[in-house]
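Just below is one structure, and these are the notes that go with it.
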Amino acid sequence: MTARIDRLWPDQADDLNDDDLLDDYAFPPHGPWLRMNFVTSLDGAATREGRSGGLGDDADRRVFELLRRPAHAVLVAAGTVRTEGYAAMRVDQGASAWRMDRGLSAHPVFALVTRSLDLDPASPVFADAPVRPIVYTCERGPAERRAALARVADVVACGEDEVDLPAVKADLAGRGLTRVHSEGGPSLFGAMLAQGAVDELCLTLAPTLESGDGPRIASSGRASPTDMRLVGALRAGDELLLRYRRR
Ligand SMILES: NC(=O)c1ccc[n+]([C@@H]2O[C@H](COP(=O)([O-])OP(=O)(O)OC[C@H]3O[C@@H](n4cnc5c(N)ncnc54)[C@H](OP(=O)(O)O)[C@@H]3O)[C@@H](O)[C@H]2O)c1
């Protein structure tokens with residue numbers, strides 16, 4: 001059974017269907033636009049037992065899947081790809097048909113961010129990819145790993161020691177990929193905030209207190225205060241699914 005989601009704000013509505021949710025989560029008509037998606041506990045933990053999955057419920061997973069649907073590219077940093085055991089970026093048949101009806105490719109492009117290039121070219125992320133992925137790295141990345149990944153992905157250097165995220169956005173836009181949806185993780189989000197690259201945050205507030213020493217959703221050595229305004233609030237039982245845009 002599909003997890004029930006109601007809209008609290010701006011217009012109250014009960015039991016939204018997928019089309020309603022896709023309308024709520026539509027990208028602005030003009031890009032480039034970078035949207036992040038995270039789940040957090042009430043006390044700010046981004047993980048339970050080292051992964052985000054333990055915090056999310058069926059409603060969070062429903063929105064997680066729907067958010068990929070209108071995206072030109074899904075951007076994920078290497079830490080999350082490794083920890084969460086990502087497979088190829090592939091939406092289901094219904095989502096694929098929905099995309100093609102709207103002139104989009106059958107699947108979004110998988111774009112990855114890594115300094116070390118420590119990603120296995122034989123993994124399903126690349127071997128099973130329906131669209132050639134893009135790996136964003138720095139000039140200083142190890143040459144052998146770069147050559148190995150270049151056989152299975154476009155490898156693009158943006159920045160010397162750190163991936164320059166506005167440059168990533170510009171490179172994606174140059175490929176016609178202006179609607180960028182990012183699934184994290186915290187270090188990538190911290191770097192994006194430091195570089196002023198984030199336009200929107202979709203945040204699931206899971207009704208749990210975790211304590212412990214799990215990471216927050218944004219992690220960086222450098223504080224980057226970024227004012228946000230609320231543009232949508234959904235509710236699934238005790239959980240809130242919030243959407244904020246940068247002021
Ligand atoms: N709550 C949630 O919604 C959520 C979402 C995603 C992830 N998570 C959790 O977050 C944890 C992972 O945290 P994390 O901070 O390690 O994840 P991360 O941000 O996904 O990955 C960090 C890695 O990404 C690369 N990277 C990120 N920004 C970079 C930049 N500007 N330049 C160059 N490389 C960059 C580096 O890869 P290399 O090491 O390859 O150089 C870096 O070590 C996991 O436990 C995961 O489950 C939670």
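Numbering of ligands and ligand atoms starts at 1, following listing order. As the structure is a computational prediction, the values presented were derived from the model and not from experiment.
Selection from R82, M36, E49 by nearest heavy atom to atom 39 (O) of ligand 1 gives R82. Across E84, R51, R48, heavy-atom proximity to atom 46 (C) of ligand 1 is greatest for E84. Evaluated by nearest non-hydrogen atom to atom 11 (C) of ligand 1, the leading choice among P186, G185, C138, S41 is P186. Distances from atom 38 (P) of ligand 1 to the heavy atoms of S52, G54, S116 show the closest one on S116.
Taking each heavy atom of L75 and S182 in turn, the nearest pair found is O-OG, 2.8 Å. In plain terms, the two heavy atoms of R68 and V91 that are nearest each other are CB-CG1, 4.3 Å. The shortest non-hydrogen separation linking T80 to G184 is OG1-C, 4.0 Å. C202 and Y25 get closest at one heavy-atom pair: SG-CE2, 3.8 Å. Considering every non-hydrogen atom in both S52 and T47, the closest pair reads N-CG2, 4.3 Å. Closest heavy-atom contact between Y136 and V163: O-CG2, 3.8 Å.
T47 CG2, 3.6 Å is the protein heavy atom nearest to atom 9 (C) of ligand 1. When hydrogens are left out, the protein atom nearest atom 15 (O) of ligand 1 is S187 OG, 2.5 Å; that is the closest non-hydrogen contact. Considering only non-hydrogen protein atoms, atom 25 (C) of ligand 1 sits nearest to V113 O, 3.4 Å.
Remark: ligand 1 and G79 share an N or O pair separated by less than 3.5 Å (distance only, no angle test). The shortest N or O to N or O distance between L117 and ligand 1 is not below 3.5 Å. Inclusion of V39 in the set of residues having an N or O under 3.5 Å from an N or O of ligand 1 is warranted.
Here the rule is salt bridge (Lys or Arg N to Asp or Glu O under 4.0 Å) with D199, and of R247, R245, R229, K169 only K169 fits it. With respect to R35, the side-chain contact (heavy atoms from CB on, under 4.5 Å) criterion is satisfied by exactly one of L201, V180, L67: L67.
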Side chain to side chain donor-acceptor pair (under 3.5 Å) assessment of E239 paired with T204 = CA-CA 7 Å; E239 179 171 277; T204 300; 5.2 Å; no
inquiry  = L188 vs L165, test: side chain to side chain contact (heavy atoms under 4.5 Å, CB included). Steps then yes/no.
reply    = CA-CA 9 Å; L188 177 66; L165 297 156; 3.7 Å; yes
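Counting atoms of ligand 1 from 1 in the listed order, those under 4.0 Å from a heavy atom of E183 are 5 (C), 6 (C). Taking every heavy atom of G50 and a limit of under 4.0 angstrom, the matching atoms of ligand 1 come to 44 (C), 45 (O), 47 (O). Here is the list of ligand 1 atoms found below 4.0 Å of a heavy atom in A191: 31 (N). Of all the atoms in ligand 1, the ones that sit under 4.0 Å from a non-hydrogen atom of A46 are 1 (N), 2 (C), 48 (C).
With a heavy-atom cut-off of 4.0 Å, T83 touches ligand 1 through its side chain alone.
The CG atom of D15 lies 9.5 Å from the CD1 atom of I5; values are rounded to the nearest 0.5 Å.
Under a 4.0 Å heavy-atom criterion, P215 is not in contact with ligand 1. Ligand 1 has no atom lying under 4.0 Å from any heavy atom of T40. Contact between I217 and ligand 1 is absent, with no heavy atom of the residue lying under 4.0 Å from the ligand.
In this structure, atom 42 (C) of ligand 1 is not in close contact with the protein, since no protein heavy atom lies within 4.0 Å of it.
Other residues, nucleotides and ligands contribute more than 12 heavy atoms inside 6.0 Å of the CD atom of E139.
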